[in-house]
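Below: one structure, written as structure tokens.
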Protein chains: 2
Amino acid sequence: MNMTEHNTLKPNTSVLELINKPKTARGKKTLARILKAAEDLFSQKGFYNTKITEIVESANVASGTFYIYFPDKKSIFRYLMEELNHALRKEIVEATVDCKNRKEEEKVGFETFFSFVNKHNGLFRIVWDAQFVIEEAFMEYYENFAQHYLVGIKKAQKSGEVKDYDPTTLVYCLMGITNFIALKWIIFEKKPVPQKVLEDVMKIISEGAFNLPE
Amino acid sequence: MNMTEHNTLKPNTSVLELINKPKTARGKKTLARILKAAEDLFSQKGFYNTKITEIVESANVASGTFYIYFPDKKSIFRYLMEELNHALRKEIVEATVDCKNRKEEEKVGFETFFSFVNKHNGLFRIVWDAQFVIEEAFMEYYENFAQHYLVGIKKAQKSGEVKDYDPTTLVYCLMGITNFIALKWIIFEKKPVPQKVLEDVMKIISEGAFNLPE
DNA sequence: CCGAATCATGAATCGAGGTTCATATTTCAT
DNA sequence: ATGAAATATGAACCTCGATTCATGATTCGG
């Protein structure tokens, strides 16, 4: 077992270089087809139930071709995870740039997250599958997401917009809420998250769940 | 493919009979050893990374013995899932019997959930792994849990203790919060959930996260 | 338009691990 | 005490799927 240097939680650690980058138009197309096929299949059936055979078949390439771009099955999985992570964060950042206040920012962030999961509803399955495919990746994913979230929350606490709880607790509560709401609607019900639900969620995190005892 | 009758979401569907029940003291002990070994291994390494070989070795039985009690690898996984599900619900019900109001009930419920996950920290890994092992089981698990939760929440809404949101939304928010707080602390940090965190969580769901703009 | 680099092929390899089964041992009701 | 039922054994089987590699086709800069 040749253990390579451990991959600590450095923010910008990228593993995307694991792949052998195509240098030709043809190569790029092929790689794209492979990635698409893999994302679809992993999303539907998970890592261990997806055969390389199926990926290459669905991508219309020979099995050997797969190994031109990825050293092994796990690499493509990890690659997809990072890709999704980046894409999600990018969408959220872009969607929230000109929000007037933190509350609006949360709302738009939630909406963006829901629509992203709706588009890439394999995100969950891939991320959750990760804990048994590439152990570190799973924690890395959420801790990373939380860290970015944290920055915004702390700022909003300084400005007085957000109450003075332990910010990490708040961040994990908010991530929990969005993840489970998306799970319920997009994964279980196979529908977009209804507007009414989004609004109730906003009310819950604004006003709490309980009525005051009179 | 001989598709057996589809397992709809009937509350009390039990699959525990999948196993060949032992009729002897010896048999019971053996089965218990196998279950313990399997729970440990599945928790640590997930379903697909756990070999029958390892389970039986860790349980000190021969490979054939495994198949006396379970028809195949998936059965024992499913069995464990149900067992955990029942155990968790039982603990929560028992812990909350004499709570004075819904808010206290939530708090005690949260505490019990955290302590359960702390004791059986494989619960998460097993449940989340499930979506790729036994697809229905994953959704079944959460929907089932949600349904029980819902009953209590609706009651508390009638009595006016809980605000009048869509109860399903509220339930999934609360499940999301507890699951992610447990994830952060018990799984990622490998520590029990600190008291301060529990208190902040309670405040968040009581008072919300935002300060009112003055 | 040539040839070195790139990309593609797919049959063959190889190891892994779930499951079976013929045989042996243990239990326990009578 | 006894034998039928219940348990236990573990080597052998068998399938499946990740990966390799020798060979062939394409690309594209100069």
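Residue numbering restarts at 1 for every chain, and letters A, B, ... go by the order of the sequence lines. All values reported here derive from a predicted model rather than from experimental measurement. We use all heavy atoms of the structure for the numbers below, so side chains are in, but hydrogens, waters and symmetry mates are not.
Under a 4.0 Å N-O distance rule, the pair B/Glu106/B/Arg102 qualifies as a salt bridge.
For the atom pair CD of A/Glu91 and CG of A/Leu88, the computed distance is 7.0 Å after rounding to the nearest 0.5 Å. Atom-to-atom distance recorded for B/Glu105:CD and B/Ile153:CD1 is 8.5 Å, nearest 0.5 angstrom.
For the pair B/Asn20 CG and D/dA5 P, the computed distance is 15 Å after rounding to whole Å. One atom, NZ of A/Lys28, and another, P of D/dT27, lie 14 Å apart when rounded to the nearest Å. Per the geometry, CD1 belonging to A/Ile76 stands 12 Å off P belonging to D/dA18, to the nearest Å. Distance NZ (A/Lys21) to P (C/dC7): 13 Å, rounded to an integer number of Å. Between the CD atom of A/Glu57 and the P atom of D/dG17 there is a distance of 12 Å, rounded to whole Å. As a whole-Å value, the separation of A/Asn60 CG from C/dG10 P is 11 Å. B/Ile68 has its CD1 atom 8 Å from the P atom of D/dT7, to the nearest Å. Residue A/Phe70 contributes atom CZ, which lies 15 Å from atom P of D/dA18 at whole-angstrom precision.
Using a 30° and 60° split on the angle between ring planes, A/Phe124 and A/Trp128 fall in the parallel class, below 30°. Ring geometry for B/Tyr172 against A/Phe180 counts as tilted: the plane angle lies between 30° and 60°, on a 0 to 90° scale. Between A/Phe145 and A/Tyr149, the ring-plane angle classifies as perpendicular under the 30° and 60° cut-offs.
Side-chain N/O atoms of B/Thr30 include none lying less than 4.0 angstrom from OP1 or OP2 on D/dT7.
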What are the atom names and distances for every N/O pair under 3.5 Å that joins the protein to nucleotides 13-22 of chain C?
unit_1	atom_1	unit_2	atom_2	d
C/dG17	OP2	B/Lys51	NZ	3.4
C/dG18	OP1	B/Lys73	NZ	3.2
C/dG18	OP2	B/Ile52	N	2.5
C/dT19	OP2	B/Tyr67	OH	2.8
C/dT19	OP2	B/Lys73	N	3.1
C/dT19	O5'	B/Tyr67	OH	3.3

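The neighbour count for A/Lys154 NZ, taken as heavy atoms of other residues, nucleotides or ligands under 6.0 Å away, does not exceed 12.
Over its full length, the helix from C/dC1-D/dG30 to C/dT30-D/dA1 turns its helical axis through 20°, comparing axes from the five pairs at each end and rounding to 10°.
Considering every non-hydrogen atom in both A/Phe132 and B/Asn49, the closest pair reads O-ND2, 2.9 Å.
Annotation: cation-pi geometry not satisfied between A/Lys184 and B/Tyr142 (NZ/CZ under 6.0 angstrom from ring centroid, within 45° of ring axis).
When the nearest nucleotides of DNA chain D are assigned to B/Arg26 and A/Ala25 by heavy-atom distance, the more 5′-ward of the two goes with B/Arg26.
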